[in-house]
Amino acid sequence: MPPPSSATAPQRGRDLCHLAFRQTLDLLRVTDGALEELCTECPQPRGLDTLVIRALNEMALGERAEGTRAPSHVFLIHGPAPTYTGILYHLEKSGYQAVTGALPVPVEAFVFTGAGNDGVTLSNPEDEGVSGNEYQRRFPPQLLRALGSEVHNYIAYRIAGDWAGALVALNYPGRATRYEAQVLSALAITLGSLWTLTARISQVEESFLYLVGALARASEVNDEVTGDHIVRVSRCAELLARKVGCSPEQARVIGYSAELHDVGKLHTPGHILRKPGPLTAPEEEVMRQHTVQGERIIGTSPRLQVARRIAGKHHENWDGSGYPRGLAGTEIPLEARVVKVVDVYDALRSQRPYKPPLSHEEACQVMQRGDGRTDPAKHFDPDILAAFREIHEEFRRIHVEILPWP
Ligand SMILES: [Fe+2]
Ligand SMILES: [Fe+2]
């Protein structure tokens, strides 16, 4: 409910406090989805700016915000220390719009954001007894230039944490008040927590991917193939998954999960892995166990279920003649069908003690017509094979690229 126009100042104050609180809650709610996206797409705390601007817009323009005195500009400063940059937003009819790119904010200039005991700085020059010129000198010159006018007052909230920065509201009509400082604080505190949360998610995601790669490389210690095989399979699987209709996020998960497709080979004796010729039936049986061993190693973590399905099922065949379970058709998970095609192509292109590498053209020929060992009609999902035909040049490109391990 908007406050009645006859509301007294305290009543209006209470309403605006509620509004700030609601904005904070809304911010947290929308963040659920936003963080999910952020954690998959190279999260940057800067991505959270849009949430704050949305909340400020609602306060400045929203029906419920009757009586709100909105600042003409908002300056959002980001760390991490010691490098700070800020983006200036101007209040237009449609809401706050960015009017600059990232402006450098020198550390010495950052001091204008204060911080009082509660992190908030409320500044009206007349209260501080400073002259106009002296007052302007505390702001970064780039900010003043972008502002195109002097600063008449401001409220700043210094945000501490993993990704330090500040939320600065500039030029309220008349004076900036304590009340508005409270409203800004509510948003800034939420923003600070989200920055920290996002930075932590980013770190966890980075470690997770590193460990997936490290485990995959460890599994090849006795194998004849090299780490490059894993990288190529991962990259090609992501591409092929996109081609068969997976979303970018699904394809990304399939890509990194594919790295672990042969992790079960940790349990396969080296003399079998490196045997330069056909395996005996008992050896073949041991070799086949790498699929179920892979499932065991990967375990039941929800985050690794795609990897588990790939490891356990990338040797199943479309006609049910594969192993370890003889699954057929769509009983085989899509990600395993994708990796199957990729893995066979890569094996054809690779040198083995018992065979030379095939050229891209020769490998494509085998993928289409078979060679006595690979039987495309029986082994591959026809839709995935058709997708491979369309993007095979990408496979060639990835295969010839040098992809050294870091
Ligand atoms: Fe395998
Ligand atoms: Fe493989």
Side-chain angles (χ1 to χ4, degrees), residues 212-241 254-276 278-279 283-298 304 306-318 320-327 332-355 357-358 360 363 366-367 371 373-376 378-381 384-385 388 395 398-399 403 405:
V212 165
L215 183 58
R217 273 172 281 163
S219 70
E220 293 185 324
V221 70
N222 285 323
D223 208 345
E224 68 212 353
V225 298
T226 68
D228 287 349
H229 167 68
I230 285 177
V231 179
R232 287 191 303 266
V233 166
S234 169
R235 296 258 309 265
C236 290
E238 182 169 351
L239 272 180
L240 192 55
I254 291 173
Y256 74 69
S257 300
E259 292 186 28
L260 292 173
H261 69 283
D262 276 340
V263 70
K265 286 186 178 174
L266 274 169
H267 286 280
T268 312
H271 71 272
I272 294 182
L273 288 173
R274 289 191 300 271
K275 186 172 177 184
L279 300 178
E283 287 169 341
E284 181 66 32
E285 191 41 46
V286 172
M287 178 66 118
R288 289 179 170 207
Q289 287 301 308
H290 82 272
T291 49
V292 287
Q293 297 287 12
E295 289 175 335
R296 281 191 203 120
I297 290 169
I298 291 168
L304 288 168
V306 172
R308 183 185 164 98
R309 290 196 290 269
I310 290 173
K313 292 162 182 151
H314 68 284
H315 286 289
E316 299 289 3
N317 287 334
W318 184 249
S321 63
Y323 65 90
R325 299 180 180 89
L327 302 177
I332 309 164
L334 176 71
E335 48 269 33
R337 282 179 267 144
V338 165
V339 171
K340 166 101 189 173
V341 169
V342 172
D343 199 27
V344 170
Y345 169 83
D346 204 86
L348 292 170
R349 296 294 316 272
S350 303
Q351 180 151 17
R352 295 284 189 267
Y354 50 89
K355 76 162 195 67
L358 298 188
H360 175 72
V366 174
M367 298 292 287
D371 64 353
R373 193 173 157 172
T374 301
D375 187 336
K378 292 182 176 169
H379 294 176
F380 302 138
D381 175 338
I384 296 176
L385 189 58
F388 166 78
F395 277 51
I398 288 170
H399 208 276
L403 296 164
W405 284 107

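Atoms within each ligand, like the ligands themselves, are counted from 1 in listed order. Position 1 is the first residue of the sequence; numbering continues from there. Quantities reported herein were computed from a predicted structural model and do not represent experimental measurements.
Counting only distance, with no hydrogens or angles, the side chain of His314 and the backbone of Ala311 share a donor-acceptor pair below 3.5 Å. His267 places no side-chain N or O within 3.5 Å of a backbone atom of Gly264 that could act as its donor or acceptor partner.
For the Fe ion (ligand 1), the set of protein N/O/S atoms nearer than 2.8 Å consists of Asp262 OD1, His290 NE2, His314 NE2, His315 NE2, ordered by chain and number.
The aromatic rings of His290 and His315 lie perpendicular to each other, with more than 60° between the two planes, well past the 30° mark.
Partners of Tyr256 by ring-ring contact (aromatic ring centres under 6.0 Å, His included), not counting sequence neighbours, listed by chain and number: Phe208. Looking at residues two or more places apart in sequence or on another chain, you find a side chain to side chain contact (heavy atoms under 4.5 Å, CB included) between Pro269 and His271, Ile272, Val286. Remark: Ala307 pairs with Ser257, Leu260, Ile298, Leu304 by the side chain to side chain contact (heavy atoms under 4.5 Å, CB included) rule, at least two apart or across chains.
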